[in-house]
Structure formats: C-alpha cells, structure tokens
Amino acid sequence: ELVLHYRPHQRNVIKLQKFAEGAVKEFPIRQLPRFAPWFPNDLYRLPLKPKKQAPVISHEEAEELKHLSTPSEYVTGSPDYDCTKNLLEFQSSMKHGPTLIQAQADHITINLDCQGQPPPNGKQKLKRSWSVSLPSTKLKEKILPLSQELQNNLERLKLNAFYRAKWTIEQSSCNNQNLEDIWIKLNRLIKQNELPSCNATIQRSVGQIWIFCDILYCEYVRNILREKLSLTDKMDLLVHKYGIIFSL
C-alpha cells in the first residue's frame, strides 16, 4: 500500500502518478565482487594469543538467564498514522504562497506571547542572567603581580593561580545604587573586555551579583570593580571547597 501526501495546490494527477511510480520502481541490483581480505587470513598463526581460554557457561546457567531476562517489547506505529496531520501547509483550508509563511509566523508569535505571560498566582519567577567575557591579550601589561598576602594564602592552601574564584556584590556595597544598575554597568565592562577571564551572573532571588575569575586576575578585577562601579566596603574572595581565602 502506497500513501502519497501532496499539497492542495499540487494536485496534478499525471505528475502525482509519475511520482508514485518512480517511488515504487525497483532499484537496479549490482552483483558484488567476491570479498578478498587485505591481510593474511591465517587463523592458526596469530601473533598474539590470549593467556586464558574464554569462559564457558553451562546449559543450566543459560536457561536460568533466559528466565531472568525480560522480553523486549517492540513498538509498532498506528496503521492510520499521518505524518502531515499537524503541518499547516497540508491543511486543505490553507493557501500556498506568502499567506502560509505569515500564518506560521503568527502561530509562533502567539506561542511566544503565551509563554511570556505571568503565572496565575501573580508571583513573577526571577531567573538568573549570565554575562561572559571574551579572551583578550591587551590587558597583560596592566595586570600587576599578586600581593604577598594572597600569594601566602595560595601557598598555604596549595592552590594554583588559575583556580576559579568568586567575588560577591551585595546591595549593601552598592553605594546607594540599584543592583540592576550595577548589573548593567558590569555587563558593559565585560563586553568591553576590561575584566579578563570573567563571567558574571546576577542572583536576583538572593540579591547578589557573582563575578567569577581566575585567581591570577582577581586583585586587578577587584580594583576595576571598585573604580568603575563605585563600590564600597570590603569584598570576600571565595574558592569552591576552600571558602573565603582573601578580602579586599
């Protein structure tokens, strides 16, 4: 049985018949040449042999495994399955041309609008946002060596300078600025590649901004944050599984 799907504006019976005949036409059969191995086919003279024989399973153990194993279930499709059921272009009431494209675009827009609606309970779910910096080689001359205190902490904890660390910005250190405004300014700094090896996220649920960077650049990053964002108070440098290792 052959089922042929076609668009409403392509109902030329002659062309459809030729298309169907071509689909069921038998493929030409080519006689394959006899296989000739490209290596010596001598199984009795193998260069490497296993040290032990392969394990042997008894007939009783094989029967026991058959009872323990569950038979596999094969999923068969429905006989009346129609792959064009949900496609707009195969609907009889749909016209071809620009109208079809516009209808699909409207359908997508409606779905996006529905997804953007607030939840019925009135509480808006606050999501995280990320900002990632690009690698840059222009800042190497501006970055000074790590302070002696931080070097001592790294040596004591046996940490490498390329470990990832985290600075945390809280509302209390924003100097009468909104946390969202700080986030916008921080994104601008990251996009301009002024913060090497940095990626940042705003945690709106806890009212914090996290800035991740390599320990090698952490003091330089902290100085830029203090200067460009006008931050006050000390900030703690935290490393996963080690806790706070430095304050600046």
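Residue numbers count from 1 along this sequence.
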Quiz item: Atom CD1 of Ile190 and atom CD of Gln192: how far apart are they, to the nearest 0.5 Å?
Solution: 11.0 Å
Exercise. For the pair Glu219 (side chain) and Ser147 (backbone), establish whether a donor and an acceptor sit closer than 3.5 Å, ignoring hydrogens and angles.
Key: yes
Self-check item: Gap separating the CG atom of Leu16 from the CD atom of Glu21, nearest 0.5 angstrom
Solution: 11.5 Å
Quiz item: Between Asn152 and Gln148, does any side-chain donor sit less than 3.5 Å from a side-chain acceptor?
Solution: yes
Self-check item: Derivation and outcome, side-chain hydrogen bond (donor to acceptor under 3.5 Å, both in side chains), residues Gln208 and Gln203
Solution: CA-CA 5 Å; Gln208 293 179 346; Gln203 304 279 342; over 6 Å; no
Practice problem: Taking the side chain as every heavy atom from C-beta outward, state whether Lys228 and Leu186 have any atom pair closer than 4.5 Å. | Solution: no
Quiz item: Closest heavy-atom contact between Leu4 and Ala20?
Solution: CD2-CB, 4.5 Å
Quiz item: How many angstroms lie between atom NZ of Lys158 and atom CG of Asn153, to the nearest 0.5 angstrom?
Solution: 15.0 Å
Practice problem: Starting from the C-alpha separation in whole Å, work towards a yes-or-no answer on side-chain contact (heavy atoms from CB on, under 4.5 Å) for Leu195 and Ile224. | Solution: CA-CA 8 Å; Leu195 300 176; Ile224 293 295; 3.5 Å; yes
Practice problem: Return yes if some donor-acceptor pair links the side-chain N/O of Ser197 with the main-chain N/O of Asp214 below 3.5 Å, else return no. | Solution: yes
Quiz item: Heavy-atom count around Gln177 CD within 6.0 Å, excluding the residue itself: above 12?
Solution: yes
Quiz prompt | Heavy-atom neighbours of Glu155 CD exceed 12 at 6.0 Å | solution = no
Exercise. Could you pull out the closest heavy-atom pair between Ile215 and Leu146, with the gap in Å?
Key: O-CD2, 3.6 Å
Quiz prompt | Glu180 to Asn178 - nearest heavy-atom pair and separation | solution = N-OD1, 3.0 Å
Quiz item: Of the non-hydrogen atoms in Ile182 and Leu229, which two are nearest, and what is the gap between them?
Solution: CD1-O, 3.8 Å
Exercise. Working to the nearest 0.5 Å, report the span between SG of Cys198 and OH of Tyr220.
Key: 10.0 Å
Quiz item: Can we say Arg188 and Glu194 salt-bridge, meaning some charged N sits less than 4.0 Å from an Asp/Glu carboxylate O?
Solution: no
Practice problem: Would you tell me whether Lys15 and Gln10 have side-chain atoms, one donor and one acceptor, within less than 3.5 Å of each other? | Solution: no
Self-check item: OG-CD distance between Ser58 and Glu64, expressed to the nearest 0.5 angstrom
Solution: 9.0 Å
Exercise. For a side chain to side chain contact (heavy atoms under 4.5 Å, CB included) with Trp210, tell me which candidate from Ile169, Asn199, Thr201 qualifies.
Key: Thr201
Quiz item: Crowded around Ile14 CD1? As in, over 12 foreign heavy atoms under 6.0 Å?
Solution: no
Quiz item: Say you draw a straight line from CG of Leu189 to CD1 of Ile184; how long is it, rounded to the nearest 0.5 Å?
Solution: 12.5 Å
N/O donor to acceptor pairs below 3.5 angstrom from side-chain atoms of residues 230-248, sequence neighbours left out:
| residue | atom | partner | partner atom | Å |
| --- | --- | --- | --- | --- |
| Asp236 | OD1 | Ser247 | OG | 2.7 |

Quiz item: Which residues satisfy the side-chain hydrogen bond (donor to acceptor under 3.5 Å, both in side chains) test with Glu60, sequence neighbours excluded?
Solution: none
Practice problem: Could you tell me whether the side chain of Arg226 and the main chain of Asn223 form a donor-acceptor pair under 3.5 Å? | Solution: no
Practice problem: Please check if Phe162 and Leu150 belong to a single hydrophobic cluster, counting links between Ile, Leu, Val, Met, Phe, Trp and Tyr side chain heavy atoms closer than 4.5 Å. | Solution: yes
